[in-house]
Amino acid sequence: MKLFGPKDIKIHLGKILQSQKNTLTGKKIIDLPAGSGVSSSQLYEMGADVEPYDLFPDFFKDKRLTCKFADLAEILPIKDNYADFVLCQEGVEHIADQMNLFKEFNRILKKKGTLLVTTPNDSKLRSKLSILLAESEYAGKVMPPNEIDSIWFSERDNENLYYGHLFLVGIQKLRNLAKLNGFTIKKIHHIRANHTSVLLLILFYPFILLTNWRAYFRNKKKHPERKELYYELTKLNTNAKILVDGHLCVEFTKELEAKDVSKELKGKFTDYNITT
């Protein structure tokens, strides 16, 4: 992780993709939302078989590739078990039904395929403080989410709206969305530290450690069979890099079909909670 340097996620993502060139060359890659096509172009030049999709395909600039229409809030126009790799860059925070989105990611990916998600980090301490002070993404700079500022684009031909950062996620929610749809975390790529979050970390990290590890030991005692799960959650909550990173950039592996997740969970926990 860098303390200084560019904030643009595309620059950092480009370096991550370049480091994986040997594994991405020749692979079927879905890039959505593709935006202007910066990442699609890089993947194409690396020798990947890349297919870009976007809600606004007219914004796509690379004439070597054809960007097709896709709405992340709907069923994706892509076949089952089709792709080796799906890149979702700065997309999930705009979608209300994120569970359905991850279910779609699972559907279009092959078994053991990779999903790479980037999104503004709602787990960074700057965001946590902003929620406490003003329920805003950046307290003191922007207003809380609302029906005017949070609409970024609208389609003129119909009533569909493109929402801004209405649905931000932190690492725990992102992990849950992935886990409940057959994915496991393969790697967390750390990008660039948010300077305010670094200062807050110095002040609050001892309390963060105390609170989370206390919860871990209490819950492990109640449910010793779940200690590995609780340990994973606690490690994420106390990861200093996650607490200061400006973006989340998480690489997932598809381990299960989405329809098989509930069977796997029920088999693992015999006291699975059931509401009648």
Side-chain angles (χ1 to χ4, degrees), residues 2 5-95 98 101-120 152-153 155 162 174 178 181-183 185-192 245-254:
K2 295 183 178 180
K7 295 182 181 180
D8 190 345
I9 184 64
K10 293 183 182 65
I11 295 174
H12 300 283
L13 178 61
K15 294 178 180 179
I16 292 170
L17 294 176
Q18 190 62 40
S19 71
Q20 300 184 10
K21 179 179 179 179
N22 291 339
T23 59
L24 296 178
T25 300
K27 299 296 184 180
K28 175 67 71 176
I29 299 178
I30 303 297
D31 180 15
L32 79 170
S36 63
V38 172
S39 297
S40 289
S41 297
Q42 181 182 7
L43 289 165
Y44 176 80
E45 291 167 1
M46 288 166 52
D49 182 8
V50 57
E51 293 185 13
Y53 292 82
D54 200 90
L55 186 63
F56 303 100
D58 290 343
F59 289 172
F60 195 81
K61 296 179 179 179
D62 193 330
K63 302 302 182 183
R64 299 171 298 179
L65 297 167
T66 300
C67 184
K68 302 175 184 178
F69 172 84
D71 186 345
L72 292 179
E74 304 293 339
I75 301 299
L76 299 174
I78 303 169
K79 294 184 294 185
D80 296 358
N81 302 307
Y82 179 69
D84 301 294
F85 190 102
V86 171
L87 171 62
C88 183
Q89 182 179 179
E90 309 300 283
V92 299
E93 66 274 13
H94 302 284
I95 306 302
Q98 294 166 335
L101 176 60
F102 272 76
K103 189 175 293 183
E104 280 294 283
F105 288 154
N106 179 285
R107 180 183 65 79
I108 67 175
L109 267 171
K110 299 175 183 177
K111 186 72 176 292
K112 297 297 182 181
T114 297
L115 169 64
L116 181 59
V117 175
T118 79
T119 185
W152 286 7
F153 298 97
E155 294 184 81
Y162 178 59
L174 192 62
N181 286 287
F183 294 97
I185 294 177
K186 179 181 180 181
K187 184 175 182 179
I188 299 175
H189 300 272
H190 298 291
I191 307 298
R192 179 189 182 276
D245 212 332
H247 281 79
L248 290 172
C249 183
V250 186
E251 198 170 336
F252 300 97
T253 300
K254 176 181 172 180

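Numbering starts at 1 and runs along the sequence shown.
Ion pairing between D80 and R107 holds under the 4.0 Å rule for side-chain N and carboxylate O. Salt bridge status for E45 with K21: absent, with no side-chain N to carboxylate O gap under 4.0 Å.
Between I30 and F85 the shortest side-chain heavy-atom distance does not fall below 4.5 Å. Side-chain contact between L13 and S39: present, with at least one pair of heavy atoms (C-beta onward) separated by less than 4.5 Å. Here the side chains of L174 and F252 are in contact, with some heavy-atom distance below 4.5 Å. The shortest distance between side-chain heavy atoms of F59 and S36 does not fall below 4.5 Å. Side-chain contact between L109 and T114 is absent, with no heavy atoms from C-beta onward closer than 4.5 Å.
Using modelled atom types, one side-chain atom of D54 and one backbone atom of A34 make a donor-acceptor pair closer than 3.5 Å. Looking at E251, its side chain never comes within 3.5 Å of a backbone N or O of I188 through a donor-acceptor pair. No donor-acceptor pair closer than 3.5 Å links the side chain of T25 to the backbone N or O of N22.
Atom CG in D31 sits 10.0 Å away from atom CG in L116 (nearest 0.5 Å). Going from atom OH of Y82 over to atom CG of L76 covers 13.0 Å, rounded to the nearest 0.5 Å. Between atom CG of residue D71 and atom CG of residue L55 there is a gap of 5.0 Å, rounded to the nearest 0.5 Å. Remark: I108 CD1 to I75 CD1 distance equals 11.0 Å, nearest 0.5 Å. The NE2 atom of H12 sits 6.5 Å away from atom NZ of K2, with the distance rounded to the nearest 0.5 Å. To the nearest 0.5 angstrom, L17 atom CG is 6.0 Å from L87 atom CG.
Using a 30° and 60° split on the angle between ring planes, F105 and F102 fall in the perpendicular class, above 60°.
Y53 and E51 form a side-chain donor-acceptor contact under 3.5 Å, judged by distance and modelled atom types alone.
The minimum heavy-atom distance linking A48 with I29 is given by the pair CB-CD1, 3.5 Å. Taking each heavy atom of P33 and C88 in turn, the nearest pair found is CD-SG, 4.1 Å.
Tested against I9, the residues I191, T119, L248 include a single side chain to side chain contact (heavy atoms under 4.5 Å, CB included) partner, I191. No option in E90, K7, Q89 other than E90 meets the side-chain hydrogen bond (donor to acceptor under 3.5 Å, both in side chains) test with H247. The salt bridge (charged side-chain N to carboxylate O under 4.0 Å, His left out) test with D84 is passed by exactly one of K28, K110, K254: K110.
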**Request:** Please test T253 against F183 for side chain to side chain contact (heavy atoms under 4.5 Å, CB included), starting from the C-alpha separation and ending with a verdict.
**Result:** CA-CA 5 Å; T253 300; F183 294 97; over 6 Å; no
**Request:** Kindly indicate, with the supporting measurements, whether the criterion side chain to side chain donor-acceptor pair (under 3.5 Å) is fulfilled by D62 and S41.
**Result:** CA-CA 7 Å; D62 193 330; S41 297; 2.6 Å; yes
